[in-house]
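The structure appears right after this line, and notes come after that.
Side chains are part of it too, since the values below use all heavy atoms of this structure and drop only hydrogens, waters and symmetry mates. Fair warning: this is a prediction, and the values are worked out from it, not measured in the lab. We name chains A, B, ... by the order of the sequence lines, and we start the count at 1 in each one.
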There are 2 protein chains.
Amino acid sequence: MSKSARARTQRNRDGQEPKIHLGELDNHLGYFVRRLQHWIFRDVNAALAPLALDVILYSILETIAANQGAAQIAIAGRLGIERARMVALLDELQQAGLIVRERSEQDRRAHALGLTPRGRMILKKANVAVAAHEKRVARRLGADNYRRARAALAQFETD
Amino acid sequence: MSKSARARTQRNRDGQEPKIHLGELDNHLGYFVRRLQHWIFRDVNAALAPLALDVILYSILETIAANQGAAQIAIAGRLGIERARMVALLDELQQAGLIVRERSEQDRRAHALGLTPRGRMILKKANVAVAAHEKRVARRLGADNYRRARAALAQFETD
DNA sequence: TATTGTTATACTCTATAACTATA
DNA sequence: TATAGTTATAGAGTATAACAATA
């Protein structure tokens, strides 16, 4: 190993950690997206924890609310959740008394999903918590950056 | 269930799936970030697969290259990887002959990480593949959106 | 006492395949 | 034959705790 390389394993003179550079990663949107996503994920989950929800359960509740009577596979497909995994997530929401699964009259293979009164009440509280989280994201990112990022990313459509 | 709710479990007249709305999710940066991150993750991993790498192994290689001689914990900390998980990832890179772990002369607990000649060669090819991926992201997002998103997100600093 | 690398464990997430009841 | 929901399983990712060597 070169002398300069060896030097980087040491602490600096002032006792600080040596600064780690990112190389090409600094030019890749994917790195920044992953870093932001990680922070957002933890912050929003902390915000939802008092309601016994996480961001996935919340997203399912909100999507059911916006599409009363939709089938499991439709909600799962829109949110990018495997239908096999959806089963356990809906079991959880149902056991918590937040949703109902009724057999669809049009297609008796399908379950028509809906919120219970309690589900609507919890969702309302969740939306308050998530709005507060969203403000933290905006403050953290800076108001202008937040607006620009949201505008830019909102136009991305998955296959 | 109401008649309108019941209607949404059906296909439309033209046989198309009924459109699923996102409700409040449409106002949350986190939803867009997650969606983009998912697409990027799959695309970059497909780009790196021919080199027997994924985006995590690539990120480690690139960061080692930019910080020759750094310790495992320093690289792991910068990339947000648990040091326990780092062990298996470095095992993989070492078995593939891409990196070396030398005992640090300054701190004999630590491993000084470095790339082998083969590691440098593979990393060079990986950076070509990732640059092509980055162009796909930019095209998919639109050149302006891509620039705005990168500029906005680059300023986000994790704790 | 604290830290680096390591091992082990448990939990979650993802991806598949197969089964049932319906279409 | 194909689809919606379900069950089961294997692999990957994440989070912890504990240990040996070293600081």
Please list, for nucleotides 21-23 of chain C, all pairs of protein and nucleotide N/O atoms separated by less than 3.5 Å.
| from | atom 1 | to | atom 2 | distance (Å) |
| --- | --- | --- | --- | --- |
| C/dA23 | OP1 | A/Arg108 | N | 3.1 |

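Put simply, NE2 on B/His38 and CG on B/Asp43 are 12.5 Å apart, with the number rounded to the nearest 0.5 Å. To the nearest 0.5 angstrom, A/Gln37 atom CD is 7.0 Å from A/Phe41 atom CZ.
If you take NE2 of B/His111 and P of D/dA23, they are 12 Å apart, rounded to a whole angstrom. Taking atom CD1 on B/Ile73 and atom P on C/dA2, their separation rounds to 15 Å, with Å as the unit. In this entry the distance linking CD of B/Gln37 with P of C/dT14 reads 11 Å, nearest Å. For the pair B/Ile81 CD1 and D/dA12 C1', the computed distance is 14 Å after rounding to whole Å. Atom CG of A/Leu113 and atom P of D/dA4 are 13 Å apart (whole Å). The distance between atom CZ of B/Arg101 and atom C1' of C/dT4, rounded to the nearest whole Å, is 12 Å.
A heavy atom lying under 4.0 Å from DNA chain D marks the following residues of residues 45-63 of chain B, by number: B/Ile56. Annotation: proximity of residues 82-95 of chain A to DNA chain C (heavy atom, distance under 4.0 Å) is found for A/Glu82, A/Arg83, A/Ala84, A/Arg85, numbered in ascending order.
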task = Show your working on side-chain contact (heavy atoms from CB on, under 4.5 Å) between A/Leu153 and B/Val33 and close with a plain yes or no.
result = CA-CA 7 Å; A/Leu153 267 51; B/Val33 168; 3.7 Å; yes
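Using modelled atom types, one finds a donor on one side chain and an acceptor on the other under 3.5 Å when comparing A/Asn145 with B/Gln155.
Every pair passing side-chain hydrogen bond (donor to acceptor under 3.5 Å, both in side chains) that includes a residue from residues 71-90 of chain B is listed here, sequence neighbours excluded: B/Gln72-B/Arg101, B/Gln72-B/His111.
By the 6.0 Å contact criterion, CZ on B/Arg108 is open, its count of non-hydrogen atoms from other residues, nucleotides or ligands being 12 or less. With a 6.0 Å radius and a threshold of 12 heavy atoms from other residues, nucleotides or ligands, B/Arg118 has its CZ atom at or below the threshold.
The minimum heavy-atom distance between B/Leu25 and B/Phe32, with the atom names listed, is O-CZ, 4.4 Å.
Where the helix from C/dT1-D/dA23 to C/dA23-D/dT1 starts and where it ends, the local axes point in directions that differ by 0°; five pairs per end, rounded to 10°.
The same ILVMFWY cluster, assembled from side-chain heavy atoms under 4.5 Å apart, contains both B/Leu93 and B/Ile81. Linking Ile, Leu, Val, Met, Phe, Trp and Tyr whenever their side-chain heavy atoms come within less than 4.5 Å puts A/Leu53 and A/Met121 in one cluster. If you chain together hydrophobic residues whose side chains sit under 4.5 Å apart, B/Ile40 and B/Leu51 fall into the same group. Transitive grouping of hydrophobic side chains (ILVMFWY, heavy atoms separated by less than 4.5 Å) brings A/Tyr58 and A/Ile56 into a common cluster.
Where A/His38 and A/Gln72 meet DNA chain D, the nucleotide closest to each residue was compared, and A/Gln72 sits on the side nearer the 5' end.
Residues satisfying the side-chain contact (heavy atoms from CB on, under 4.5 Å) criterion with B/Glu134, sequence neighbours excluded, are A/His28, A/Leu29, B/Tyr146.
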